[in-house]
2 protein chains.
Amino acid sequence: MTKLSDKTEKFIARYGEMASHWGLNRTECQIHALLFLSPKPLDAEEISETLSVARSHVSNSLRELENWGMVKPTRVLGSRREYYETHADVWDMFRQAVSEQKRREIDPWMRTLREAVDELDDPYAKKRVGDMLGFFETFSKWYEDVRRLPTPLVRKFLTLGGKAVSLLGLN
Amino acid sequence: MTKLSDKTEKFIARYGEMASHWGLNRTECQIHALLFLSPKPLDAEEISETLSVARSHVSNSLRELENWGMVKPTRVLGSRREYYETHADVWDMFRQAVSEQKRREIDPWMRTLREAVDELDDPYAKKRVGDMLGFFETFSKWYEDVRRLPTPLVRKFLTLGGKAVSLLGLN
DNA sequence: GTAAGTTTTCACTCCATACAGAAATAAGAG
DNA sequence: CTCTTATTTCTGTATGGAGTGAAAACTTAC
C-alpha cells in the first residue's frame, strides 16, 4: 500500500466530487483518479487500502469503470491478480467518456423526443419538442462527424476555434 | 389547474429523469419541462397543482431555475403574482444551460487542475494533471470563441460538421 | 396603520443509493 | 481433487438530499 501525499489525496477527493456528475459515483471516480495518477497499473487490493474503501466495493466499482471503458485490466506476469490502468492519452480518455455519455444519456433522450413528437396531441407542445429534437439532431450529426476524425485532427480543429468560421466565410 | 394528458405527463416525467444530471433536481427539471411545453407563462400556484408538488418547493425550485437563467419571471397586468416562462428559442435555452454548466462545473475544475499542477510533487502525477489541464484549456478556448458567435452562425457551423475540416484543408 | 396575498425559511420525514462486511462462488496451482 | 487466492453476490446500515407543511417574513392595496 502506497501512502498518498496530502496534495494527491486532496486532488483525488476533488476529482471524485467533480466527476460524480458524469454518471459514475464518487468512489468510482476516485478510483479512476488514483489510476490516472499512477505510473503503473494497480490491483484491487492496493486500491482498497490506499483509498480506505471496502474491497468488495472496489471490485464493483472497477467493473463499472470497465463497462464505461474508463479503465483497462491488464495481466501482470507471475500474478493471477488483475491490474488496472487508465488511458495513456487524455484525449482518448475523454473521447471515451463522451461517447459513453452520449450512448447512455443523449441517445435514449433523443428516442424519447421522437416518441413525444409522434404522440403529443397539443400542437404547441409538439412544435416545442420538435424544436428540441432538431437541436439534438444537429448536434448529434456534428458529433458523429467529429468522432470519426483522428485525435490530432480534432485537436487542430478545436484549436482554430472561431477562426474556422471566418476562414470558411460563413459570416 | 390544467389537467395534463397522459402523454404530456410521461414526457415531463422523463424530462425530469434525464435532465437531473445537469445540476438541477428532478422537480426543478419537471417544472422547466412544464413551462417549456406551455404556450403561456404559468404562476407558482398552477405549477404546484399541476405537478402535485408542495407550493414551497415550487417557489424554491423556480428561484433555482432563475439562478440558472432557465426561466424568466414576467409580470402580468392586473395580477401581483409572478408568472414564469422559458426561452422562446431552444438554441438560446441550451446556450444558457451550457454556459451555466461551464461556470459552475468546468471553471472551478480548471482552477483545481491548475492548483494541482503547481502543488503536486510527483513528476508523473504532475504531468498527467497537466495533460488534463491542456485538454480543458483547448476546449475552453474553443467554447469561448463559439460562444461569441450569433446563434444562426453556430447553427450553420455545426451543420457543416466534418466537412468543415476538409474544407479547411486540415487533413 | 391593517388586511390580503405571496414568497421564504425552517424543522421534519422519507427515500434512494453508496458503502461495509460476511458469505458464496469461481478460478488457478499443485 | 483440494487448497489457496480472487471476485461476486447479498444483506444490512447510514447518510445526503428531495420533498412536505406550517410558520415567519415580506409586499402591495386600501
Side-chain angles (χ1 to χ4, degrees), chain A residues 1 12-35 41-68 70-85 104, chain B residues 1 12-35 41-68 70-84 104-105:
Chain A
M1 168 187 179
I12 291 175
R14 289 210 190 156
Y15 193 105
E17 295 309 322
M18 187 282 292
S20 55
H21 302 282
W22 280 66
L24 293 160
N25 68 36
R26 197 161 44 90
T27 308
E28 284 155 3
C29 294
Q30 287 183 2
I31 291 172
H32 188 263
L34 179 62
L35 293 173
L42 303 176
D43 63 73
E45 190 68 25
E46 265 176 292
I47 297 171
S48 165
E49 286 168 0
T50 309
L51 297 180
S52 321
V53 170
R55 183 64 188 68
S56 61
H57 198 211
V58 170
S59 281
N60 292 333
S61 299
L62 283 169
R63 200 168 196 279
E64 184 66 4
L65 283 165
E66 239 184 297
N67 290 338
W68 274 73
M70 295 310 291
V71 302
K72 212 182 64 182
T74 50
R75 287 286 177 186
V76 165
L77 263 80
S79 165
R80 34 158 102 141
R81 288 192 186 175
E82 279 201 286
Y83 288 76
Y84 294 87
E85 62 188 354
R104 291 164 188 257
Chain B
M1 168 186 179
I12 290 176
R14 289 211 191 155
Y15 193 105
E17 295 308 323
M18 187 283 290
S20 54
H21 302 282
W22 280 66
L24 294 160
N25 68 35
R26 196 160 44 90
T27 310
E28 284 157 3
C29 294
Q30 287 182 2
I31 291 173
H32 188 262
L34 179 62
L35 293 173
L42 303 175
D43 63 73
E45 191 69 27
E46 265 176 291
I47 297 171
S48 166
E49 285 168 359
T50 309
L51 298 179
S52 320
V53 169
R55 182 66 186 69
S56 61
H57 198 211
V58 171
S59 281
N60 292 332
S61 299
L62 282 170
R63 198 167 199 281
E64 184 66 4
L65 283 165
E66 238 183 297
N67 290 338
W68 275 73
M70 295 309 293
V71 302
K72 212 182 62 183
T74 49
R75 288 284 176 187
V76 167
L77 264 78
S79 164
R80 60 213 238 193
R81 287 193 186 172
E82 281 203 282
Y83 288 75
Y84 294 87
R104 291 164 188 257
E105 300 282 339

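Below, chains carry the letters A, B, ... as their sequence lines are ordered, and counting in each starts from 1.
Picking from D:dT7, C:dT8, C:dT7 the nucleotide with the shortest atom distance to the side chain of A:E82 gives D:dT7. Closest to the side chain of B:R63, out of D:dT8, C:dC19, C:dT8, is C:dT8. The listed nucleotides are D:dT9, C:dA18, C:dT8; the one nearest the side chain of A:N60 is D:dT9. Comparing atom distances between the A:R81 side chain and each of D:dT8, C:dC19, D:dA6 picks out D:dA6 as nearest.
A heavy-atom distance below 4.5 Å is found between the side chains of B:P73 and B:Y84.
In this entry the distance linking CD of A:E49 with C1' of C:dA20 reads 16 Å, nearest Å. Atom-to-atom, CD of A:E46 to P of D:dT5 comes out at 17 Å; the value is rounded to the nearest Å. Between the CG atom of A:D43 and the P atom of D:dA6 there is a distance of 8 Å, given to the nearest Å. Atoms NE2 (A:H21) and C1' (D:dG16) sit 13 Å apart, rounded to a whole Å. With rounding to whole Å, A:L51 atom CG is found 17 Å from C:dA18 atom P. Atom CD1 in B:I47 sits roughly 14 Å away from atom P in C:dT6 (whole-Å rounding). Separating the NE2 atom of A:H57 from the P atom of D:dA6 is a distance of 21 Å, rounded to the nearest angstrom. One interatomic measurement links the two molecules: CG of B:N25 to C1' of C:dA16, which rounds to 14 Å at whole-angstrom precision.
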side-chain contact (heavy atoms from CB on, under 4.5 Å) evaluation trace for A:T74 with A:E82: CA-CA 6 Å; A:T74 50; A:E82 279 201 286; over 6 Å; no
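Residue B:R26 places at least one side-chain N or O under 4.0 Å from the OP1 or OP2 atom of D:dG19. Between A:R55 and C:dA20, a side-chain N or O to OP1/OP2 separation shorter than 4.0 Å is absent.
One side chain, B:S59 or B:R55, offers a donor N or O that lies under 3.5 Å from an acceptor on the other.
Side-chain atoms of B:T27 stay outside donor-acceptor range of the base of D:dG19, with no qualifying N/O pair under 3.5 Å.
Rounded to the nearest 0.5 Å, atoms CD1 (B:I47) and CD (B:E49) are 11.0 Å apart.
Under a cutoff of 6.0 Å and an axis angle of 45°, B:R63 and B:W68 do not form a cation-pi pair.
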